[in-house]
Amino acid sequence: MTQAENKVLLIYTGGTIGMGRNPATGALEPLDFNHLRDNVPEMKYIKASIDIYQFEQPIDSSDIDTATWAKLVRIINENYQVYTGFVILHGTDTMAYTASALSFMLENLTKPVILTGSQLPIGQLRTDGKENLVTSIELASLTDDKGRALIPEVCIYFSGKVLRGNRATKQNADEFNAFNTFNYPHLCEAGINFTFHFHHILKPDFSKPMIPHVDLNPNIIVFSLFPGIQENVVHHLIDAPELRGIILRSYGSGNAPQQPWLIHLLCEATERGVCVVNISQCVAGRVEMGRYNTGFQLKDAGVISGYDSTVEAATTKLMYLYARYDDVNIIRRLMNESIAGEISPSTAYLSEE
């Protein structure tokens, strides 16, 4: 693998990694990005050249929205031919949503887009930000002897692990190992050396261009089933005329209460063109609606399986598909297929008879 002469664009959106403590309130708040250069002198030892794009107003990741995702796609697209790879500094709370969205919006991506951040601000003594930042830049700059990226997909790098972006979920708010992919292996481990698992990394068509997509339809809701869920509340939720898609977080392997009113409401929704996707509340495993009768009734109501997708991937994928297609049958079919590595191959076309 090579690194010399390669260029990386570092995009700072905001997040803990670029925050400092307000001397008056003691609260963390965004600082000017220029201080990161002062706090990470190790960056000068990276062989690749680094340019920086800083958002004029840093964004707390809780405020990330579809417009931010479109802005990131435009930045990457405008600079795609100039840089070997891209590193996005991002707050951890919605990092998995952004990584998932970008994986769909950057069609046929042939270069690394690595999201990272930190649990502690980069200026603090025990920060994890320095290692996450420096390693992400190094990974984004690596190519093979043909000049092709070693990790040509949207990833999250955190705490020594490279994770597929649309398979990742934030698992811990307090420890440095903030993210994991419970249904997919790591793409690389960063120890003394990089250990790549190339058979798990996407293989795009390097002869074709990357196709950017900036439109999303956010008229989606995510709701979890729970014991005692009430008909009148669900009715008002599902009855919204603007509603296009529902991510239904069910129990276990895709089960739901055997309440006639629930099945009736879901039937009404699917009949009027709402795509209802069944995602398990469990962090590991997959939905199999044919396993128990409590799941089979959902299938009869027109609910489709999200298999082993994360809620972040299912939500952003549905936004992406509703922006591209008017035919709900196409959307339902594509939700059952892996279009960016978001569903495991062994489950993507599983029959649920």
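These numbers were taken from a predicted model, which means no experiment stands behind them.
With hydrogens and angles disregarded, no donor-acceptor distance shorter than 3.5 Å links the side chain of Thr169 to the backbone of Gln171. Asn108 places a side-chain N or O within 3.5 Å of a backbone atom of Pro209 that can act as its donor or acceptor partner. No donor-acceptor pair under 3.5 Å is formed between the side chain of Asn132 and the backbone N or O of Ser118. Here the side chain of Gln281 pairs a donor or acceptor atom with the backbone of Arg249 at under 3.5 angstrom. Looking at Ser338, its side chain does come within 3.5 Å of a backbone N or O of Gly341 through a donor-acceptor pair. The backbone N or O of Ile343 lies less than 3.5 Å from no partner atom in the side chain of Asp308, so there is not a single donor-acceptor pair. For the pair Thr270 (side chain) and Ala301 (backbone), a donor-acceptor distance under 3.5 Å is present. No donor-acceptor pair under 3.5 Å is formed between the side chain of Glu288 and the backbone N or O of Gly254.
Both the sub-6.0 Å distance and the 45° axial angle are satisfied by Lys111 relative to the ring of Tyr80.
The shortest side-chain heavy-atom distance between Tyr157 and Leu163 does not fall under the 4.5 Å cut-off. Residues Met105 and Pro212 fail the side-chain proximity criterion, which asks for heavy atoms closer than 4.5 Å. Residues Thr13 and Leu89 are not in side-chain contact: their nearest non-hydrogen atoms beyond the backbone lie 4.5 Å or more apart. The shortest side-chain heavy-atom distance between Met210 and Asn77 falls under the 4.5 Å cut-off. Proximity of Ile76 to Val113: side-chain heavy atoms (C-beta onward) are separated by under 4.5 Å at one or more points. Taking 4.5 Å as the limit, some side-chain heavy atom of Leu298 sits within range of a side-chain heavy atom of Leu248. Contact annotation: the side chain of Thr316 approaches that of Trp69 to within less than 4.5 Å [non-hydrogen atoms, C-beta and beyond]. Within the 4.5 Å cutoff, side-chain heavy atoms of Tyr251 are placed close to those of Leu225.
In the hydrophobic clustering of ILVMFWY residues, with side-chain heavy atoms under 4.5 Å counting as a link, Val233 and Phe223 come out apart. Taken together through direct or relayed side-chain contacts under 4.5 Å among Ile, Leu, Val, Met, Phe, Trp and Tyr, Val283 and Val287 form parts of separate hydrophobic clusters. Taken together through direct or relayed side-chain contacts under 4.5 Å among Ile, Leu, Val, Met, Phe, Trp and Tyr, Ile211 and Val82 form parts of separate hydrophobic clusters. Under the 4.5 Å side-chain heavy-atom criterion for Ile, Leu, Val, Met, Phe, Trp and Tyr, Ile247 and Phe182 are members of distinct hydrophobic clusters.
Within 6.0 Å of the CG atom in Asp327, the count of heavy atoms belonging to other residues, nucleotides or ligands exceeds 12.
Using modelled atom types and a 3.5 Å distance limit, the side chains of Asn79 and Tyr53 yield no donor-acceptor pair. Between the side chains of Asn6 and Ser141, no donor-acceptor pair is found at a separation under 3.5 Å. Donor-acceptor pairing under 3.5 Å is recorded for the side chains of Asn278 and Ser250. For the 3.5 Å distance criterion, the side chains of Ser103 and Arg164 fail to qualify, holding no donor opposite an acceptor.
Summarising the geometry, atom CD1 belonging to Ile156 is positioned 11.5 Å from atom NE2 belonging to His186; distances are rounded to the nearest 0.5 Å. A distance of 8.5 Å separates CD1 of Ile263 from CG of Asp300, quoted to the nearest 0.5 Å. A distance of 5.5 Å separates CG of Leu334 from OH of Tyr325, quoted to the nearest 0.5 Å. Residue Phe55 holds its CZ atom at 11.0 Å from OH of Tyr12, rounded to the nearest 0.5 Å. Here Lys161 contributes atom NZ and Cys188 contributes atom SG; the two are 12.0 Å apart, rounded to the nearest 0.5 Å. Note that CG of Asn166 and OG1 of Thr98 are 13.0 Å apart. Values are rounded to the nearest 0.5 Å.
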List the atom pairs, donor and acceptor, that lie under 3.5 Å between side-chain atoms in residues 195-206 and the rest of the protein, sequence neighbours left out.
| unit_1 | atom_1 | unit_2 | atom_2 | d |
| --- | --- | --- | --- | --- |
| His197 | NE2 | Glu189 | OE1 | 2.6 |
| Lys203 | NZ | Phe198 | O | 3.0 |
| Lys203 | NZ | Ile201 | O | 3.4 |
| Asp205 | OD1 | Ser207 | N | 3.0 |
| Asp205 | OD1 | Ser207 | OG | 2.5 |

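For Glu342 and Arg167, the salt-bridge test fails: no basic side-chain N is under 4.0 Å from an acidic carboxylate O. A salt bridge between Glu242 and Arg244 is absent, with no side-chain N of the basic residue lying under 4.0 Å from a carboxylate O of the acidic one. Between Arg324 and Glu107, at least one side-chain N (NZ, or NE/NH1/NH2) sits under 4.0 Å from a carboxylate O, which counts as a salt bridge. A salt bridge between Arg333 and Glu337 is present, with a side-chain N of the basic residue lying under 4.0 Å from a carboxylate O of the acidic one.
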Begin from the C-alpha positions of His90 and Ser61 and carry the test side chain to side chain contact (heavy atoms under 4.5 Å, CB included) through to its verdict.
CA-CA 7 Å; His90 194 290; Ser61 70; 3.9 Å; yes
Show, in sequence, the C-alpha distance, side-chain angles and deciding distance for Ile246 and Ile220, and conclude whether the side chain to side chain contact (heavy atoms under 4.5 Å, CB included) test is met.
CA-CA 6 Å; Ile246 299 172; Ile220 308 295; over 6 Å; no
Might you work through the side chain to side chain contact (heavy atoms under 4.5 Å, CB included) test for Ile88 and Leu102, ending with a clear yes or no?
CA-CA 11 Å; Ile88 300 173; Leu102 294 180; 3.7 Å; yes
Could you give me the CA-CA distance, side-chain angles and deciding distance for Asn180 and Phe158, then say whether side chain to side chain contact (heavy atoms under 4.5 Å, CB included) is met?
CA-CA 9 Å; Asn180 210 344; Phe158 235 88; over 6 Å; no
I'd like to know whether Thr92 forms a side chain to side chain donor-acceptor pair (under 3.5 Å) with Lys170, so could you lay out the CA-CA distance, the side-chain angles of the two residues, the decisive distance to 0.1 Å, and finally the verdict.
CA-CA 7 Å; Thr92 59; Lys170 187 176 181 181; 2.8 Å; yes
Could you give me the CA-CA distance, side-chain angles and deciding distance for Asp174 and Asn172, then say whether side chain to side chain donor-acceptor pair (under 3.5 Å) is met?
CA-CA 6 Å; Asp174 297 320; Asn172 200 308; over 6 Å; no
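Taking both residues in full, the closest heavy atoms of Tyr184 and Thr181 are given as O-OG1, 2.7 Å, listed atom of the first, atom of the second, then distance. Scanning all heavy atoms of the two residues, the minimum distance from Ser224 to Phe226 falls at O-CD2, 3.5 Å. Of all non-hydrogen atoms in Ile137 and Val8, the two that sit nearest each other are O-CG2, 3.8 Å. Taking every heavy atom of both residues into account, Ala168 and Ala96 meet most closely at O-CB, 3.3 Å. Between Ser100 and Gly165 the shortest heavy-atom distance is OG-O, 3.7 Å. In terms of heavy atoms, Arg272 sits closest to Ala240 at NH2-O, 3.5 Å.
Outside the 6.0 Å centre-distance limit, the rings of His213 and Phe104 are not counted as a close aromatic pair.
Just one of Val277, Leu318, Ile304, Asp326 meets the side-chain contact (heavy atoms from CB on, under 4.5 Å) condition when paired with Ile331; it is Leu318.
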